[in-house]
Student: 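Pasting a structure here, questions to come.
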Number of protein chains: 2
Amino acid sequence: MATLSQRHVVIERSQLPDLCVGCDSRAASVCNAIEDRDMARLAAITTSSEAPVGRVFIQEGESADNFFNITLGTARLFKLLPDGRRQITGFVGPGHFLGLAVSDTYAFSAEAMEPVRFCRFSRPRLRVLLDDFPALEKRLLEVAATELVAAQEQMLLLGRKTAVERLASFLLAQSVMGVPCGHPRAHLTLKMTRGDIADYLGLTIETISRTLTRLRNERLIDIPSTTDVIIRNHAALVNLAGGLNRSPTA
Amino acid sequence: MATLSQRHVVIERSQLPDLCVGCDSRAASVCNAIEDRDMARLAAITTSSEAPVGRVFIQEGESADNFFNITLGTARLFKLLPDGRRQITGFVGPGHFLGLAVSDTYAFSAEAMEPVRFCRFSRPRLRVLLDDFPALEKRLLEVAATELVAAQEQMLLLGRKTAVERLASFLLAQSVMGVPCGHPRAHLTLKMTRGDIADYLGLTIETISRTLTRLRNERLIDIPSTTDVIIRNHAALVNLAGGLNRSPTA
DNA sequence: TGGCCGCCTTGACACAGATCAAAAGGATCG
DNA sequence: CGATCCTTTTGATCTGTGTCAAGGCGGCCA
């Protein structure tokens, strides 16, 4: 298992005067709540760091001193049971804000799946910033509310859906990832392993593999390579998934 | 199945000048973020209503026009699959704030388990209030963050824990409900049925019943009546539950 | 007081998904 | 180009929990 990062690569502010103004992932992140002219204040409390693949840069149970904002790469968020069983609670990419916990320790761990770059804010400093920029706070509330809704959807999946239903839901969710509105993508390139998918959906690697094969045999998807999935029958998947976000007619 | 409320009992503001100032559940709710002197403004946009047992006063998928704040009674929050499978996402009591969804429809339903009284705010009106009272917004963010952490814990439970582990976790959670700090209660009076517990833990009624019996046979709990549970071996339950919020030593 | 009805418990059996095992890809590296 | 290692696939079997079924208990109402 990957160990907690000992030392982050710190990019000096002086080297990057436009750290926040020119940030690639700003549009997608909570930072878009701050105007250009106030960006200096944001940049002033930010430290940009990175974590190589496999590094656990947030560790469940450790003192929650910082907030994070992913700017590059992907990470898995997860919780562990004492015997090592793992539940992945999400996959996060650029723009994602981490560390909203009120408690003084992190409630989950975060591990880089690709090389990850992120901004770090200390708790007290962010607090000051929030006082000065109500828009930022509003944005955080939005983010939290959105994640809460997603979490509830995931509880439905984990508590009540069958293996096929879980996989169908997962593939559909992947197909709209990062597509704010408009058509879902038919071609997916998965950044996670079967093991990750299993730990995200509350199943085993073998069940993931078998169920994907089954969906392929039934012509709902194609699997040109291990990491690529093509959705061939979107409607059938939606049906299997339990009609994403339908209004119950019962 | 209970039908959506047709008509709420509306209490006129003029009849209750101290609607918010004297509110019993104010201390426990987000409203405590507002000073006494500003309570009039809060009361001005609030409508107090009630729902009898079994009434679904929030319906998943319907237009999310209001926010709610429970002041009395208990409700179950849940999501349904088209074929009727139900996942209960939480049990909420006085002080609980509902409707944080960003989307324009509710993401879950809420049904009264006991007669429920609640305050209702319209979305736009609350928005105005939030602009005027940053402290309220801060409080909401706290609430959302807390619920998010709880949701992640529940995902771990639903995705990775066995039946005994789920029940142990549930009983322990019940034992600290409403006990902010200090000793957990040993004597629990459950407000929910076995069916509710099953739908909350992602199991069936039969498994709940069998597992409770098993815990009783092993002297970890007593079950003096259907609704009462006495925790006899707290440490053993914690152990079974997977060490609530331990820091992983792996 | 007795009958009804809903909830809970218990038992027998079934099955979805887990576990165990082995082989097949596919990447990396000397 | 082969060796090694890791991930994925597939097969065989097992098992925890679901399903089906039958009582039991308690509350409520007439």
Side-chain angles (χ1 to χ4, degrees), chain A residues 1-2 52-54 76 81 83-88 113-114 157-170 188-218 221-229 240 242, chain B residues 1-2 53-54 76 81 83-88 113-114 157-170 188-218 221-229 240:
Chain A
M1 178 150 304
V53 172
R76 50 177 83 88
L81 285 171
D83 64 1
R85 275 172 290 170
R86 180 179 69 161
Q87 178 65 39
I88 291 184
M113 300 164 65
E114 311 170 289
L157 180 148
L158 293 170
R160 288 302 180 215
K161 289 188 183 178
T162 65
V164 222
E165 291 168 345
R166 293 181 200 203
L167 230 347
S169 304
F170 173 73
L188 314 178
T189 302
L190 305 175
K191 290 184 174 165
M192 62 291 281
T193 68
R194 300 288 186 266
D196 287 333
I197 302 175
D199 284 351
Y200 182 57
L201 299 180
L203 299 168
T204 60
I205 294 182
E206 293 92 328
T207 299
I208 300 297
S209 182
R210 274 188 256 271
T211 307
L212 280 174
T213 303
R214 185 176 143 195
L215 288 174
R216 176 166 51 70
N217 291 341
E218 291 168 358
I221 62 172
D222 257 351
I223 312 176
S225 86
T226 299
T227 56
D228 292 72
V229 174
L240 263 184
Chain B
M1 179 151 302
V53 172
R76 51 178 79 89
L81 285 171
D83 64 1
R85 275 172 289 170
R86 181 178 70 160
Q87 179 64 40
I88 292 184
M113 300 164 65
E114 312 171 288
L157 180 148
L158 292 170
R160 288 300 179 217
K161 289 188 183 178
T162 66
V164 220
E165 291 167 345
R166 292 182 202 204
L167 230 350
S169 305
F170 172 74
L188 314 178
T189 302
L190 305 175
K191 290 184 173 165
M192 63 290 282
T193 67
R194 299 289 187 264
D196 286 333
I197 301 176
D199 284 350
Y200 181 58
L201 299 181
L203 299 168
T204 59
I205 293 181
E206 293 93 329
T207 299
I208 299 297
S209 184
R210 275 188 256 269
T211 308
L212 281 174
T213 303
R214 185 176 143 195
L215 289 174
R216 176 166 50 70
N217 291 341
E218 291 167 359
I221 61 173
D222 258 350
I223 312 178
S225 85
T226 299
T227 55
D228 291 75
V229 175
L240 264 184

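In what follows, chains carry the letters A, B, and so on, assigned in the order in which the sequence lines appear, proteins first and then strands, with residues in each chain numbered from 1. Just so it is clear, the model here is predicted, and its values are computed rather than measured.
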Student: Roughly how many Å is it from CD1 in B:Ile205 to P in D:dT19, rounded to a whole number?
Tutor: 11 Å

Student: Look up atom OG1 in B:Thr162 and atom CZ in A:Arg85, then write down how far apart they are to the nearest 0.5 Å.
Tutor: 6.0 Å

Student: Find the distance B:Met113:CE to C:dC7:P and express it as a whole number of Å.
Tutor: 13 Å

Student: Would you mind telling me which residue lines up with the more 5' stretch of DNA chain D, A:Arg216 or A:Arg160, judged by nearest nucleotide?
Tutor: A:Arg216

Student: Have a look at B:Ser209 and say if it touches a base, only the backbone sugar-phosphate, or nothing, with a 4.0 Å heavy-atom cut-off.
Tutor: base

Student: Would you kindly give the CZ-to-P distance between A:Arg214 and D:dG11, to the nearest whole Å?
Tutor: 15 Å

Student: Restricting to non-hydrogen atoms, name the atom on B:Asp199 and the atom on B:Gln87 that form the minimum distance, rounded to 0.1 Å.
Tutor: O-NE2, 3.1 Å

Student: A:Leu212 has an atom CG; how far is it from atom P of D:dT10, in whole Å?
Tutor: 10 Å

Student: Given C:dT10, D:dT8, C:dC20, identify the nucleotide with an atom nearest to the side chain of A:Arg194.
Tutor: D:dT8

Student: Which nucleotide sits closest to the side chain of B:Ala163: D:dA12, C:dC8, D:dT17?
Tutor: D:dT17

Student: Would you kindly give the CD-to-P distance between A:Glu206 and C:dA23, to the nearest whole Å?
Tutor: 16 Å

Student: Can you find a side chain N or O atom of A:Thr207 that sits less than 4.0 Å from OP1 or OP2 on C:dG17?
Tutor: no

Student: When you check the phosphate oxygens OP1 and OP2 of D:dT9, does a side-chain N or O of A:Thr213 lie under 4.0 Å from one of them?
Tutor: no

Student: Decide salt bridge (Lys or Arg N to Asp or Glu O under 4.0 Å) for B:Arg76 and B:Asp196; before the verdict, give the C-alpha distance in whole Å, the side-chain angles of both, and the deciding distance to 0.1 Å.
Tutor: CA-CA 8 Å; B:Arg76 51 178 79 89; B:Asp196 286 333; 2.9 Å; yes

Student: With a non-hydrogen cut-off below 4.0 angstrom, is A:Leu203 in contact with a base, only sugar-phosphate, or nothing?
Tutor: sugar-phosphate

Student: Could you tell me how far apart B:Leu190 (CG) and C:dC8 (C1') are, to the nearest whole angstrom?
Tutor: 13 Å

Student: Are OP1 or OP2 of C:dA18 and a side-chain N or O of A:Thr204 less than 4.0 angstrom apart?
Tutor: yes

Student: Can you measure from CZ (A:Arg166) to OH (A:Tyr200) and round to the nearest 0.5 angstrom?
Tutor: 12.0 Å

Student: Check the distance between C:dT19's P and A:Asp83's CG and give it to me in whole angstrom.
Tutor: 11 Å

Student: Has B:Ser209 got a side-chain atom pairing as donor or acceptor with B:Ile205's backbone, closer than 3.5 angstrom?
Tutor: no

Student: Check the distance between C:dA24's C1' and A:Ile223's CD1 and give it to me in whole angstrom.
Tutor: 16 Å

